[in-house]
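See structure below.
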Amino acid sequence: MSIIVQKFGGTSVADSSKILAAARRAIRAQMDGHQVVVVVSAMGKNTDALVALAREISEEPPAREMDMLLSTGEQVSVALMAMAISALGHEAVSLTGAQIGIMTDSTHTKARIQSISSDRMREALDAGKIVIAAGFQGVDQSGNITTLGRGGSDTTAVALAAVLQAKACEIYTDVDGVYTTDPRLVPEARRVERISYDEMLELSSAGAGVMHNRAIEFAKRFHVPVHVRSSFSDTPGTMIAAEVESPHPAVCGCAKVKEEARMTVLGVPDRPGAALAVFSKIAAKNVAMDMIVQNVAANGCADISFTVFRGDLPATLRAVEEAVAELGAEGVNYDEDVSKVSVVGLGMAEQAGVARRMFRALADRGVNIQMISTSEIKISALVAREGAVEALRTAHETFELHREPIFAADLPKVGAAADGGRNAVEVAARMEGMEEMVIDDIALDAEQARVTVLGLPDVPGLAAQVFERVAEGGINVDMIVQSIEREGRASISFTIPRSDLKEALRVTTELSKELGCPPPTSAPEVAKLSVFGIGMRSHTRVAHRAFQCLARAGINVEMISTSEVRLNVVVDAARGEKALAALEEEFADVRL
Ligand code: ADP
Ligand code: ASP
Ligand code: MG
């Protein structure tokens with residue numbers, strides 16, 4: 001008999017009548033001939049209330065006790081949901097994470113799932129019961145209750161669907177699907193019928209709170225089709241599934257991260273392994289870094305900037321201060337009033353000028369870009385927090401996301417057949433933990449050159465000008481990073497096909513002169529190495545391990561960009577093959 005997993009978020013179980021409505025949905029699915037597992041979140045804003053309560057007691061409560069506290073929210077809702085089903089004349093059993101056997105590591109408040117036992121659930125399902133599983137929680141080897149991070153009930157649901165080899169995982173929430181951006185921030189946002197795993201992964205980690213990004217990692221890895229839909233209506237929702245044939249729109253959506261902070265480590269000695277010292281300290285605290293930008297070194301020293309989730313700022317600061325002391329670096333500064341705005345789309349890789357259009361549009365609205373990081377399917381700009389919503393609206397408008405892309409008719413409709421694909425159990429058996437990172441491929445592009453425009457005044461419009469000039473020269477830009485330098489100056493580095501270097505230098509030298517900046521620098525022969533996989537950004541060890549193995553091989557990293565599905569590093573072309581071999585060896589244990 002086929003299994004369906006249904007997940008109800010906080011607003012969908014906010015009061016008794018909503019719980020009864022959700023219970024009816026589960027019963028309907030059972031009457032349709034499915035075995036049903038229901039995953040529930042805490043009622044309404046209960047988790048927020050518990051967090052606030054803890055903060056009244058202590059500013060930094062022990063993480064273990066935080067998990068003990070937060071897991072109670074879901075325990076209330078599973079019990080009530082089981083009672084509701086029983087009151088409606090059907091059989092149900094509520095189970096906590098520990099009772100199911102959701103084993104996690106011991107990283108309290110953001111634990112990762114290692115394994116899930118399906119025995120108890122299957123037994124109950126075979127006995128005709130609806131299983132009500134507590135979302136967001138698990139248990140570690142020592143029996144401590146853990147939680148998976150805010151929004152983690154989505155991850156529980158998709159992970160259960162994976163181990164049970166469910167036909168589908170339905171996410172019931174307070175919007176009727178995935179929109180081109182948060183409809184609360186941009187009312188013109190449009191619901192999309194279907195979105196690929198990779199695009200949803202990038203969007204959710206770029207701030208689209210409708211799905212927990214780790215849920216999408218599970219979905220992609222185990223080929224679980226995810227159907228996001230409204231718990232208050234029967235509208236069709238959005239299918240998140242494997243990517244369909246091209247064409248893809250250049251941009252499918254945009255998002256902003258609410259709680260971001262930027263940190264810069266100043267005056268790091270420019271030698272292989274120095275950046276590594278910083279990254280390993282941060283990785284040891286389980287903090288995921290994003291938008292990592294290393295300035296091309298001046299006077300033998302480099303500045304390394306990156307962003308982290310704002311809540312991780314105190315832990316990151318402690319880690320970085322240790323590294324600064326060890327390395328004899330100059331110091332550290334940070335800014336909490338920033339926000340990251342990203343645009344995402346699979347078609348971006350095939351269409352030139354997406355970044356340039358975004359930078360121009362932001363400049364025309366007077367939005368200053370503090371940092372830039374691009375990967376093949378995502379462009380992220382760091383802006384002042386107060387301008388972030390304006391930046392998001394601008395991006396949405398610029399790429400006309402309110403309009404249906406013209407070729408949408410070619411895409412399969414919602415409810416189209418689930419993806420075939422690998423046997424989930426077989427894949428899981430090959431991994432140490434269900435949420436371990438997985439690497440599909442490592443690639444080398446040895447035909448690139450790097451240009452760095454230095455000393456740009458930190459005012460709106462400079463990135464736009466740089467890339468407009470470069471585009472006028474008929475040059476396609478690949479990777480872009482922009483970082484803040486001392487005294488409010490910025491530098492922009494980008495890679496291009498090697499044959500375009502002369503022209504790129506000509507146009508950027510001209511622009512630098514006009515702006516009164518020092519002449520651009522370049523590296524005529526660089527290689528870009530890309531590591532493809534799942535969890536490339538959120539697994540704190542990926543960037544760290546990449547740096548570690550390259551440092552060991554004596555290879556300096558010139559540029560880096562991370563996304564959920566890809567880690568790019570730029571190194572000297574002469575070291576390209578050696579870097580490839582080093583990365584292959586380093587990641588051999590997690591290669592699919
Ligand atoms: P639940 O409690 O059901 O898990 P969440 O609040 O976590 O619900 O997620 C739903 C909310 O996500 C929506 O109300 C919406 O404001 C927000 N959201 C952010 N980005 C998007 C997006 N791209 N599409 C749809 N909703 C989004
Ligand atoms: N209740 C948890 C939270 O609010 C988990 C979830 O709802 O997904 O973060
Ligand atoms: Mg949620």
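Atoms within a ligand are numbered from 1 in the order they appear, just like the ligands themselves. Since the structure is predicted, the reported quantities are computational estimates derived from the model, not experimental observations.
Of all the heavy atoms of Pro183, the ones lying under 4.0 Å from any atom of ligand 1 belong exclusively to the side chain. Contacts between Arg191 and ligand 1, counted as non-hydrogen atom pairs separated by less than 4.0 Å, are absent for every part of the residue. Counting heavy atoms closer than 4.0 Å to ligand 1, residue Thr173 contributes atoms from both its backbone and its side chain. In Ile171, neither the side chain nor the backbone holds a heavy atom less than 4.0 Å from any atom of ligand 1.
Annotation: ring-ring contact (aromatic ring centres under 6.0 Å, His included) contacts of Phe218 (sequence neighbours excluded): Phe222. Scanning for side-chain contact (heavy atoms from CB on, under 4.5 Å) contacts around Ser118 gives Met121, Arg122, Leu164, with sequence neighbours left out.
The shell of residues lying under 4.0 angstrom from ligand 1, judged by heavy atoms, excludes His212. Not close to ligand 1: Ser153, with no non-hydrogen atom less than 4.0 angstrom away. Contact annotation: Ser12 has no heavy atom less than 4.0 Å from any atom of ligand 1. Contact between Ala255 and ligand 1 is absent, with no heavy atom of the residue lying under 4.0 Å from the ligand.
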For residues 375-383, please give each side-chain donor-acceptor pair under 3.5 Å, one per line with the distance, not counting sequence neighbours.
residue : atom : partner : partner atom : Å
Glu376  : OE1  : Arg566  : NE           : 3.0
Glu376  : OE1  : Asn568  : ND2          : 3.2
Glu376  : OE2  : Lys528  : NZ           : 2.5
Glu376  : OE2  : Arg566  : NH2          : 3.0
Ser380  : OG   : Ser342  : OG           : 2.8

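Protein heavy atom at the shortest distance from atom 24 (N) of ligand 1 is Tyr179 N, 2.8 Å.
Proximity of atom 3 (O) of ligand 1 to the protein is indicated by at least one non-hydrogen atom lying closer than 4.0 angstrom.
Protein residues with a heavy atom closer than 4.0 Å to ligand 2 are Ser41, Ala42, Thr47, Glu74, Phe136, Arg150, Gly151, Gly152, Ser153, listed by chain and number.
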